[in-house]
Every structure is written in C-alpha cells, then in structure tokens.
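Throughout, a chain's letter reflects where its sequence line sits, starting with A, and its residues are numbered from 1.
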Amino acid sequence: MVERRTTIMLLIIIALIAYPLIFESKAVSAPSSDDQGPAWILSTGYIPWVHPIWTPPNSDMEAGLFALQAALGAGIMGYIFGIWHAQARMRKKEESKEV
Amino acid sequence: MHIMEGFLPWYWCVFWYALAIPFIAHGVIRMKKITAENPEMKPLLAVCGAFIFIMSSLHVPSVTGSSSHPTGNGLGAVFFGATVISAICVPILIFQALLMAHGGITTLGANDFSMGVVGPFCAVFVWKFGRKVGLGYSAAIFLAAFIGDWMTYVTAATELGMAFPIPTFESAWIKMMIIYSYTQIPISIAESFLTVIIFEYIQKLRPDLLRRLNVIKTEEPNNSIKVPEVN
C-alpha cells in the first residue's frame with residue numbers, strides 16, 4: 001500500500017516538473033524568478049552598492065556547482081538512510097530470531 | 001528567494017540582519033542542546049540540513065512559465081523547531097553566495113529571514129494546527145512543507161517590496177508576488193509531496209527518533225507504514 005502511495009506521489013512530482021519542460025518550453029529559457037526580481041529592481045534605476053566576490057565564469061560551471069551541491073546533500077542523506085535501513089533490518093532479524 | 005548581493009540598500013541589510021540574528025542564535029543554542037542531550041539526533045539533523053541543501057540547489061521549471069527552486073525548510077522545522085532551521089540555513093546560504101553568486105553576504109540576513117525564519121515558523125504553525133484539527137501525519141507534513149516553502153517566497157517578495165516601494169509598496173509588492181509567489185505554487189506542491197515521502201521513510205526507519213522529538217505519538221501508529229522486509 002505504502003509503495004503504491006509513494007509511487008503515485010513520485011508520479012505527481014515528475015508530472016509537475018515534466019509538464020513545463022514539455023509544454024511550456026519558455027519556462028526553461030525564461031529567466032528564473034531569482035533573476036526577474038533583480039531585473040525589475042535594476043529597471044527602477046537602482047545601482048547595486050556591492051557585487052559578488054566571485055561569480056561562476058559561465059553557466060555550465062554554475063550548473064555544475066549546483067549539481068555538486070545537490071550531490072553532496074544526496075550523499076549525506078543516502079549515507080544516513082543506508083545506515084538506518086541496515087540497522088532496521090538487523091533489528092528485525094534479531095526480533096525474528098527471538099521469536 | 002535569494003536576493004542577490006547588493007540588491008538591498010545597506011540600511012535594509014542591517015535591518016534584516018538585526019531581525020534574523022536572534023533567531024539564528026537561538027537555533028544554534030537549541031541545536032547544541034538537542035545534540036548534547038540526544039547525540040543520536042545528529043544524523044536526523046544532518047538529513048534535514050542535507051534536504052534543504054539539495055532542495056535549494058534545484059532549479060525547477062514551473063507551469064507558470066518561469067523557474068525557481070524549492071526550499072526544503074518544512075521538514076526540519078517540524079522535527080526540530082523553526083529556529084534550528086534559521087541556523088542551518090546560514091552555512092547553506094553562505095555556500096551559495098560565495099560559490100555561485102546566488103544570494104549574497106550583504107543580503108544574508110534578509111534571505112535567512114525568509115527561508116530560515118518566516119517559512120519554518122509558518123510550517124511549524126501549520127503542522128501543529130493540522131495535527132490539532134485531526135489531520136494525519138502525512139497530510140499535516142504536506143501542508144507544513146507547502147506553507148514553509150511558499151511563505152519563504154512571500155517574505156522575499158515583501159522584503160523587496162519594502163525596499164523598493166516604487167511607485168508604492170502595494171504595487172511593488174504585487175509585482176514581486178507575481179514574480180516570486182505565483183511561480184512557486186506548483187514547485188511548492190512538488191516539494192510537499194517529496195517531503196511526505198521523506199517523512200514517511202524516516203518514520204519507517206527511525207520512529208523512535210520522531211517519538212522522542214514528540215513529532216509522532218506512540219499510541220498512534222501510521223498504518224500505511226511498513227517495517228522493512230528481512231531478506
């Protein structure tokens with residue numbers, strides 16, 4: 001039951017992400033909301049008083065850094081879930097031995 | 001919601017830092033207390049931090065024709081309390097500001113206030129309210145994650161509307177709300193479903209930790225959760 005529910009939830013997530021990729025191609029090429037906000041601020045005549053110390057030289061490197069960030073997070077979660085999963089299985093095994 | 005470096009006048013940077021710092025300080029103290037009293041909570045804390053780390057790195061296209069990123073702040077807020085997320089968000093926001101020019105050090109206070117303070121506090125409120133009115137764990141965490149994410153963007157829109165009330169605060173706020181909050185709705189829904197999946201997985205593997213944090217009750221098992229099979 002839980003697997004079916006999880007599958008349905010995963011399908012909804014995929015649909016929510018895939019729909020704009022397939023049917024709203026401008027969502028991929030259009031500036032993100034994080035870019036649109038600053039663009040509007042600049043249009044008011046505001047000049048930023050400080051700039052980033054370092055910016056990725058190109059969009060590929062920026063995407064790579066974001067991927068690295070996601071990979072680091074996923075690695076931590078995967079490692080901990082792996083340990084917990086193994087512990088749960090061991091507990092279950094010990095319980096079944098006792099019975 | 002990452003307000004970029006230099007995109008807030010200096011006095012607003014000071015203002016948002018002043019508002020965020022007490023929450024961050026409380027979060028650090030609370031985190032130290034939790035890990036000192038219950039060292040076995042450290043992995044759960046790491047999972048919550050890693051979840052925010054992953055979520056805030058993903059640029060997700062939205063059906064509204066733009067793209068944005070989830071925040072992942074609801075899960076940890078429900079587990080450990082809102083201020084712990086205020087503290088956890090600081091290194092994440094610094095990482096993104098320094099390595100990706102996404103956000104900024106001058107705008108760190110404002111970004112932490114939206115992602116680490118308002119979002120998590122709203123998530124905790126919705127979780128508690130949802131549980132009080134009898135919602136199940138999954139429904140309550142879904143709503144908490146949705147509100148936590150969405151309110152982060154509402155706060156970012158408000159911060160920018162306050163800093164640039166051109167021609168008026170209302171019109172600037174509506175403009176920012178359209179840019180940030182409207183785009184965020186489908187992304188928040190996707191994040192909420194993912195949060196439910198992660199919550200249920202943690203509930204399956206380590207219900208003892210969630211019981212100790214008073215997130216779940218002993219006498220109210222979630223019947224849809226199965227213990228992992230033994231091979």
Side-chain angles (χ1 to χ4, degrees), chain A residues 1-3 5-6 9-10 12-13 16-17 19-21 23-24 26-28 30-38 40-42 44 46-56 62-63 65-77 80-81 83-85 87-89 91-93 96, chain B residues 1-7 9-10 43 46-47 50-51 53-54 57-69 95-102 104 106 153 156 160 164 166 175-176 179-180 183-184 186-187 189-190 193-194 196-197 200-201 204-206 224-228 230-231:
Chain A
M1 184 63 190
V2 69
E3 285 79 9
R5 231 160 62 90
T6 306
M9 286 193 283
L10 282 171
I12 294 170
I13 295 167
L16 281 166
I17 295 168
Y19 179 86
L21 288 172
F23 299 106
E24 293 277 349
K26 68 172 184 173
V28 181
S32 69
S33 60
D34 278 344
D35 295 328
Q36 287 179 37
W40 178 79
I41 292 165
L42 290 175
T44 65
Y46 177 78
I47 299 166
W49 58 281
V50 62
H51 296 280
I53 300 163
W54 182 80
T55 49
E62 190 182 3
L65 286 167
F66 275 115
L68 175 73
Q69 184 186 338
L72 280 171
I76 293 168
M77 284 185 80
I80 294 167
F81 281 157
I83 290 173
W84 283 350
H85 196 79
Q87 286 172 344
R89 283 175 65 175
R91 270 200 305 272
K92 191 85 178 148
K93 244 179 196 171
S96 61
Chain B
M1 45 57 68
H2 292 83
I3 300 173
M4 289 167 72
E5 192 79 276
F7 274 78
W10 68 268
V47 164
F51 187 59
F53 204 53
I54 298 170
S57 73
L58 303 174
H59 274 263
V60 182
S62 171
V63 290
T64 59
S66 182
S67 63
S68 186
H69 62 81
F95 178 90
Q96 291 175 335
L98 295 180
L99 279 180
M100 298 160 207
H102 201 67
T106 57
Y153 281 81
L160 288 173
F164 300 97
I166 301 168
K175 176 91 184 160
M176 288 295 128
I179 291 174
Y180 286 103
T183 303
Q184 198 62 22
I187 296 169
I189 294 170
F193 278 114
L194 188 60
V196 173
I197 293 170
E200 290 184 347
Y201 196 55
K204 183 171 82 171
L205 295 178
R206 294 304 303 264
S224 66
I225 304 299
K226 286 181 188 169
V227 176
V230 181
N231 295 322

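For B:E5 (side chain) and A:V50 (main-chain N/O), no donor-acceptor pair under 3.5 Å exists by modelled atom type.
Of all non-hydrogen atoms in B:I179 and A:Q36, the two that sit nearest each other are CG2-CB, 3.6 Å. Across every non-hydrogen atom of B:A46 and A:I80, the tightest pair is CB-CD1, 3.6 Å. Of all non-hydrogen atoms in B:L205 and A:A88, the two that sit nearest each other are CD2-CB, 4.2 Å. Considering every non-hydrogen atom in both B:Y180 and A:P38, the closest pair reads OH-CD, 4.2 Å. When all heavy atoms of B:P43 and A:W84 are compared, the closest pair comes out as CB-CZ2, 3.8 Å. Nearest heavy-atom pair across A:A70 and B:I54 is O-CG1, 3.7 Å.
Both the backbone and the side chain of A:I17 have a heavy atom closer than 4.5 Å to some heavy atom of chain B. In this structure, chain B has heavy atoms under 4.5 Å from both the backbone and the side chain of A:L10. Heavy-atom distances place the side chain of B:H59, and not its backbone, under 4.5 Å from chain A. Heavy atoms closer than 4.5 Å to chain A are found in both the backbone and the side chain of B:I189. When heavy atoms are compared at a cutoff of 4.5 Å, B:M100 approaches chain A by way of both its backbone and its side chain. For B:F95, the part lying near chain A is the side chain, with the backbone staying farther off; criterion is any non-hydrogen pair under 4.5 Å. With a threshold of 4.5 angstrom between heavy atoms, A:I12 approaches chain B through side-chain atoms but not through N, CA, C or O. For B:Q96, the part sitting under 4.5 Å from any heavy atom of chain A is the side chain, from C-beta outward, and nothing else. Heavy atoms of B:S68 lying under 4.5 Å from chain A belong to its backbone as well as its side chain.
Put simply, the side chain of A:W40 does not reach to within 4.5 Å of the side chain of B:L160, judged on heavy atoms. Counting only heavy atoms from C-beta outward, the side chains of A:H85 and B:Y201 approach each other to under 4.5 Å. Between A:M9 and B:E200, some side-chain heavy-atom pair lies under the 4.5 Å cut-off.
Considering only heavy-atom pairs separated by less than 4.5 Å from chain A, the leading option among B:H102, B:M4, B:Q184 is B:H102. Contact count against chain A (heavy-atom pairs under 4.5 Å) is highest for B:I197 among B:I197, B:I187, B:T183, B:I3. Counting heavy-atom pairs under 4.5 Å between each of B:L99, B:L98, B:V60 and chain A puts B:L99 at the top.
With rounding to the nearest 0.5 angstrom, the CG atom of A:D35 is 7.5 Å from the OG atom of B:S67. Atom-to-atom distance recorded for B:F51:CZ and A:M77:CE is 6.0 Å, nearest 0.5 angstrom. With rounding to the nearest 0.5 Å, the separation of CZ in B:F7 from CD1 in A:I41 is 6.5 Å.
The number of heavy-atom neighbours closer than 6.0 Å to CH2 of B:W10, taken from other residues, nucleotides and ligands shown, is 12 or below. In the displayed structure, A:I53 atom CD1 is contacted under 6.0 Å by at most 12 heavy atoms of other residues, nucleotides or ligands.
Here the two rings, on A:F66 and B:H69, have centers that are 6.0 Å apart or farther.
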Subject >> B:I166 vs A:Y46, side-chain contact (heavy atoms from CB on, under 4.5 Å): CA-CA, chis, key distance, verdict >> reply: CA-CA 11 Å; B:I166 301 168; A:Y46 177 78; over 6 Å; no
